[in-house]
Number of protein chains: 2
Amino acid sequence: MKIMVLSACLQAMLVTSVIADEGMWLFNSLPESQLKDKHKFDVDEEWTKHLMMSSVRFNSGGSASFISSNGLVLTNHHVASDTLYKLSTPERNINSDGYYAKTEADELKAPDLELNQLVSIEDVTEQVNASVKAGVVASDAAKARRAAIAGIEQQSKEKTGLRSDVVTLYGGGRYHLYCYKQYTDVRLVWAPEAATAFFGGDADNFEYPRFCLDVTIFRVYENDKPAKIENFLAVNANGGKDGDLVFVSGNPGRTQRILTPDALTYQRDYRMPRTLDLLRRKENLMQQYALGGAEQARRGQDELFGIQNSRKAYMGMLAGLQDPAFMANKRTLEKKMQEKAGNTEAWKMIAEVQLERMKLLNREGTLRSHLYAIAEDLVLMAAEDKKPSAERLREFGDAGRESFEQELFSPAPLYDDLERVMLADELSRFMEKRGGDDELVQKVLGGRGPRELAAILVEGTTLFEVDARKKLAASGLDGIAASKDPLIQLARTLEPEYRALRERTEELDERERQAYSKITDVKFQLEGESTYPDATFTLRLAFGLVKGYKEDGADVPAQTTMGGAFEHEKQHASKDPWLLPKSWHDAKTSITSTTPLNFVCTADIIGGNSGSPIVDRSGKLVGVIFDGNIQSLTADFYHSEDQGRAVGVHIAAVLEALEKVYGAGELKMQIGK
Amino acid sequence: MKIMVLSACLQAMLVTSVIADEGMWLFNSLPESQLKDKHKFDVDEEWTKHLMMSSVRFNSGGSASFISSNGLVLTNHHVASDTLYKLSTPERNINSDGYYAKTEADELKAPDLELNQLVSIEDVTEQVNASVKAGVVASDAAKARRAAIAGIEQQSKEKTGLRSDVVTLYGGGRYHLYCYKQYTDVRLVWAPEAATAFFGGDADNFEYPRFCLDVTIFRVYENDKPAKIENFLAVNANGGKDGDLVFVSGNPGRTQRILTPDALTYQRDYRMPRTLDLLRRKENLMQQYALGGAEQARRGQDELFGIQNSRKAYMGMLAGLQDPAFMANKRTLEKKMQEKAGNTEAWKMIAEVQLERMKLLNREGTLRSHLYAIAEDLVLMAAEDKKPSAERLREFGDAGRESFEQELFSPAPLYDDLERVMLADELSRFMEKRGGDDELVQKVLGGRGPRELAAILVEGTTLFEVDARKKLAASGLDGIAASKDPLIQLARTLEPEYRALRERTEELDERERQAYSKITDVKFQLEGESTYPDATFTLRLAFGLVKGYKEDGADVPAQTTMGGAFEHEKQHASKDPWLLPKSWHDAKTSITSTTPLNFVCTADIIGGNSGSPIVDRSGKLVGVIFDGNIQSLTADFYHSEDQGRAVGVHIAAVLEALEKVYGAGELKMQIGK
């Protein structure tokens, strides 16, 4: 029974943690001896460098890989869906119906996509820490650290021309400088229908066995020509077999394994329940919006999917935290570390920070709407740009300005009815959180109810137009102050509270960084330096075996097949979301039904890894990560491979579908070459 | 635009409140002069008594009427749905597919339905208040008042043999004794398909124009024979025309119009946002459960409908409260009343009570699951039965024991998978609310996570079986204490906290009653005694005109037609939930398309009024209330007839459908006779 899983998992973790294929490893610090001892695999510098440079990060939140010399990029449909959605119109729903560009001229340019290729990593811990003088208060320390980081990034960017990000690792224990080649001309080549990419919908999400062709292919361009790519992955369509060692190279978004029991308690009792309330609220809002008609359903589709995906993931995470055995184990580990440290200072500081965070839970200085985010960015930017780059809020620094403006000035469509619904809900939520008699709430509402005000804001704003945004951006602080745009005025009203909350949060973050830095030292003393840091949406290497598992006493096989997809459809009476698209039915007889479609492995992944290439010992592509099973959802806090698995699309299915289902044999021929 | 409605409504309310058809009037205190002056209607004692005795209350939460001398009862499908659901099986989904008993032998007995017919009303205010000595603390006052009420009820029941309920009116300003004839043998005669009863589903709910045949017909039995009914309604199939005066006789569940601004602020900023979070959580839970398959969807159908209905209603209520103009108006009224009172004492007491209520928000001593409710009842009952009836918690008193046991020992089906899902969520919520380290939480979980514990509880309990419940009930306090049933043990663990919270809440209620009693006196001084009290799920008379309204500049007509239902289906591409059932399509050509289907009037109603008969001047039945439009959702706090409307099913459509669609001409012939 699935419900018994957590504690069982946990016990497995406690017993087997020494030999588990755990870890999201830094490319500059791979677990060489572990790989050699357990898997007889020799880490080779060339192999590593090639895999690193073949890996691609979707700045919008996902992973991918180069799969041809002429710029083809393979990722998940659900990583691409943000772009597919933005490229869709009421007449052409690419997100649902798929797309295939038969010629280069048909390839569709994404309005605001940025891809990153990691080129180098450098440890800058000493430089960063040197900027923070001993004994200064946390708010000053946070500013000094921010300035040092901005300086390093700016210097690097000037020197290399590359995107340069200083990454905080081990919660503050280390700082590494990551340099990326940026690709901002990204075009859609092929996407299948949502009905196969997300076959089984919300119901099958995070379940296994699965039958999803959750992939999409883009191409990167330079100077209006397909980019020439030196490092790309060759293909092994016969790989990914039961028992095979595989590697996953991608960008896991966030884990919280370093968290102390007090920090976990805050997550369990305060942060996560509130996040889930918010997600369910937004899910309901988008469901209700979609009832308005087919076009509303289309407009809200991507947003709703994202919310449902997060909701299901958070439910799994909270269930993990609510397992008393997990917390008891964490307390035991804490005690061991405190003994090694000889004091409890760092842990006390973290406990104090949690209490401070609780006080902020009901304050709010922003509204979650696409339109409001634009207004807020413009208002903040006008003030930030008066300061030197190093003193600005991070996203306004010179080093990241290009990426920032690509998003701010994106021509991606915005819909007035959707924005109105979102703003009305956010204003209502703002009122609920702070209380209706709160001074700032009264100031914001100006005597009107949330729905009435939302209608006025959407009707009166000019921010739907990219030109209007550019004009406002160019008008500077005076222009913003003089703007009659009601959304700009609203963002100005909220600006002081937004800044106060952000400053307070950054101060608390700094206090935590200092504490976790000390805890990391203890961790290194206990475990040696060959430990991996929590995920930070930067490139990591995970590894594991292709391997089925037992559930309810039955064997769950490692692979599913394309023929199995038709079986799965039949078992659910071909009822939406278990209805394969017409293209699959048309091609049914020509598809080799035994072609592997999805498969699982024990590699340690989490959200952000979506789209990560899965490669074999020789570095050849055998599949693409697209999910974790429901038993893996505790990965935020601990890795377990008793039943927890990463789920991937097999590359054989991609090739088979391109040729037999989508008439894209020509595209298929380019892959791996 | 709908979003502009609230403030517009409010202004209309402020201007027109003198002449509006506002009020849910007591049958023993009707607004005679208002009816005479405005509508030239003379209230006649016989007319009133006949209507009162023809009206029926569904104890499960709804209204109805007697419509024949042989016991036929007309209500809404959605009032009946709780019973339809309980009568359904995996093989026969009555809730979805409808039912028609061609003969009396086919009529299906409801497992636990109790209908009430109001027979008499008596003012017992002095008796109740005399029991509360001046100067005693609120907790003692609450106990004394509860004992006095229980005594009056018990005495009345012994004297009359009737169900006897003392009703608290005006928030504590008056106490009336209501005596009811009970009907506990209630059988299903006819129900249409959910596809017509709830045509348009959650999307159309609370919208107008509407096209729903939201009705169901039961029959009451006595001594295994159809009951002979003296007071039943005659029918006027040509009534309910534009401009007609109509009356609604039903049981509005709850309004909160007496609430002071401080009490409303508590509702707006604390109570309602939390209620909505809870509703969205449960909606999501039931949606996810329904994804398990067709049978799961059936099992969860009624629960999900109820949750969605509440969620939409609460959204409307909160929007009303969040309109700053409403609260400002309430403050003005408060000032006026305080001036009249010459002091602010009562208002201060209510403000204090709200602060106390806030402190209870994160405490919890119960779990929301059908199975747990049974366990809790058994545990409480065992202890309560050791006390004299007057000292027990209200529901365990002798006067109401029959109704109570009918529910506790109901053979209605319970589903283990559904109970497991519900309990897991409730245990998780219990943990979230109180915090995972809370002593009671730890005691409840006993080292297991919520999902694991829920599985153990459902697997180990005997409470699915009615006989097991009866045995436990008979075993008394010792039997309960010795029970090994894990749910009984859990309810015993929670019992002290449940009792502490309930006692504290009843004490706060008493303090509010005392305060509102004083405020009511001031209200009477200002407005005379011809004011109506807030709704209390007891019989009230509302009245108003059949009347369309303007929306977005367009006229919304007072009536829709059966032909319009087919049009509405077409406009939504016949896509579920806008797909009429096969029976309607089969009968399409024989249906008179101009037959009125739904219609609106200005009468003042709210949840609980569902199923209320709508009668004309002569007391003849013209329709059945089934909804309010979205603009009426603020009715909890104020009545508005600018756009706010009650929505009813026209009796002509019921007769037409019975004959033409459902082949139930014989049943039709009995109606009104």
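All values below were derived from every heavy atom in this structure, side-chain atoms included, with hydrogens, water molecules and symmetry-related copies excluded. Every chain is numbered from 1, with letters handed out A, B, ... down the list of sequences.
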Less than 4.5 Å to any heavy atom of chain B: does that hold for the side chain of [X], its backbone, both, or neither?
| X | result |
| --- | --- |
| A:Gln287 | side chain |
| A:Leu276 | neither |
| A:Thr265 | side chain |

If you count heavy-atom pairs under 4.5 Å with chain B, which of A:Arg434, A:Gln288, A:Gln442 comes out on top?
->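 Ranked by heavy-atom pairs under 4.5 Å with chain B, first place is A:Gln288.
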What heavy-atom pair brings [X] and [Y] nearest, and what distance separates the two atoms?
| X | Y | value |
| --- | --- | --- |
| A:Pro324 | B:Gly449 | CD-N, 3.6 Å |
| B:Ser428 | A:Leu318 | OG-CD2, 4.4 Å |
| A:Gln322 | B:Pro450 | OE1-CG, 3.5 Å |

Chain A contact via [X] - which portion, at a heavy-atom distance below 4.5 Å:
| X | result |
| --- | --- |
| B:Leu427 | neither |
| B:Glu283 | side chain |
| B:Asp437 | both |

If you count heavy-atom pairs under 4.5 Å between each of [options] and chain A, which one has the most?
| options | value |
| --- | --- |
| B:Gly436, B:Ala573, B:Pro273 | B:Gly436 |
| B:Pro577, B:Gly293, B:Gly435 | B:Gly435 |
| B:Lys312, B:Arg311, B:His572 | B:Arg311 |

Are any non-hydrogen side-chain atoms of B:Glu432 and A:Met272 less than 4.5 angstrom apart?
->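 Contact flag for B:Glu432/A:Met272 side chains = no.
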CD of B:Glu439: more than 12 outside heavy atoms within 6.0 angstrom?
->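 No, not enclosed.
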Candidates B:Arg281, B:Met315, B:Arg280, B:Gln308 - the one meeting side chain to side chain contact (heavy atoms under 4.5 Å, CB included) with A:Asn284 =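 Of all the options given, the one that passes is B:Arg280.
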